[in-house]
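Below: one structure, written as structure tokens.
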Amino acid sequence: SFSSDEVIRKRLLIDGDGAGDDRRINLLVKSFIKWCNSGSQEEGYFQYQRMLSTLSQCEFSMGKTLLVYDMNLREMENYEKIYKDIVEHNSLYFCFKENSIAAAHEKISECKKQILQAKRIRKNRQEYDALAKVIQQHPDRHETLKQLEALGKELQHLSHIKENVEDKLELRRKQFHVLLSTIHELQQTLENDEKLSEAEESQETQMEAEAKQ
């Protein structure tokens, strides 16, 4: 009935084989809501990329599930055809018993191969999902280039600061050299003035001695 079989079929189409497809759809809805409420262009771009990645995973899982469903339908049709052939040729069953058993074994072997292939597909999908999670944890190329550009501007700013500091240091060095030269000249002038004063005092003392005589 529709209330049981159809609901189960739709549930399997949505959730696949229980690998979390329903959770991905919920995550896609949450990402869409965050994208609608994003406050900045960077956040909106990140949510947009996340939605694309989640949607791609859902589409891949849905495609695989539909393929498995179609394969099961074909298998059911084949089994019904075999059953009809057995009923129609019941009188010849014993004659072709060995051939039917061999065909059944061959069919079972083919089904086992298909199961192994389905398991490989599932394993590959799980590995792809794990790889996608690792990729999502790292910043994308646009964000990396933006960070490199910001670091370049900061480095250029620091280089300008370094040049300004070096220029100021060179100016202070020159000013200090001029100050030392001025102090040296002033000291030389004071020494010359002191020597001149001593000579004048000596000359005045000698003149006073000669006047007393």
Side-chain angles (χ1 to χ4, degrees), residues 16 19-64 121-213:
D21 292 26
D22 194 11
R23 183 183 61 82
R24 292 192 185 94
I25 294 177
N26 293 334
L27 181 61
L28 179 62
V29 175
K30 292 180 180 178
S31 299
F32 177 76
I33 295 174
K34 291 182 179 179
W35 177 70
C36 293
N37 298 328
S38 58
S40 62
Q41 185 176 2
E42 289 79 6
E43 183 181 0
Y45 180 79
F46 173 77
Q47 294 298 336
Y48 175 73
Q49 294 295 330
R50 190 171 184 180
M51 283 192 298
L52 290 181
S53 177
T54 306
L55 184 60
S56 178
Q57 295 176 7
C58 293
E59 290 177 350
F60 176 80
S61 178
M62 178 66 74
K64 180 206 163 187
I121 293 175
R122 180 181 178 182
K123 181 179 178 182
N124 292 336
R125 191 193 70 175
Q126 292 176 346
E127 292 177 353
Y128 295 154
D129 292 342
L131 183 60
K133 291 179 180 179
V134 173
I135 294 175
Q136 289 178 354
Q137 293 176 357
H138 293 77
D140 57 7
R141 183 172 180 270
H142 176 75
E143 184 67 22
T144 302
L145 292 176
K146 185 177 179 180
Q147 292 178 358
L148 289 176
E149 183 179 358
L151 290 175
K153 291 181 180 179
E154 184 177 358
L155 181 61
Q156 185 178 6
H157 178 66
L158 292 176
S159 178
H160 289 322
I161 293 176
K162 178 183 177 183
E163 292 177 359
N164 293 333
V165 172
E166 289 178 350
D167 293 340
K168 289 181 180 180
L169 183 60
E170 182 66 22
L171 178 61
R172 297 293 183 270
R173 188 181 295 110
K174 292 180 180 179
Q175 291 175 349
F176 184 69
H177 179 71
V178 173
L179 180 60
L180 289 178
S181 300
T182 304
I183 293 173
H184 181 71
E185 292 176 359
L186 180 59
Q187 185 178 4
Q188 189 68 32
T189 302
L190 292 175
E191 290 177 357
N192 292 335
D193 292 341
E194 185 178 357
K195 290 179 180 180
L196 181 60
S197 297
E198 290 178 355
E200 289 177 354
E201 290 178 359
S202 177
Q203 185 177 2
E204 289 177 357
T205 303
Q206 184 178 1
M207 290 176 63
E208 289 177 357
E210 288 179 356
K212 290 180 180 180
Q213 291 180 355

field: Interatomic spacing from NE2 in H184 to OG1 in T182 - rounded to 0.5 Å
entry: 11.0 Å

Under 3.5 Å, sequence neighbours excluded: what are the donor-acceptor pairs made by side chains of residues 149-171?
{"residue": "N164", "atom": "ND2", "partner": "H160", "partner atom": "O", "Å": "3.2"}
{"residue": "E170", "atom": "OE1", "partner": "R173", "partner atom": "NH1", "Å": "2.4"}

Report all side-chain donor-acceptor pairs from residues 185-194 shorter than 3.5 Å, counting only partners two or more places apart or in another chain.
{"residue": "T189", "atom": "OG1", "partner": "E185", "partner atom": "O", "Å": "2.8"}
{"residue": "N192", "atom": "ND2", "partner": "Q188", "partner atom": "O", "Å": "3.2"}

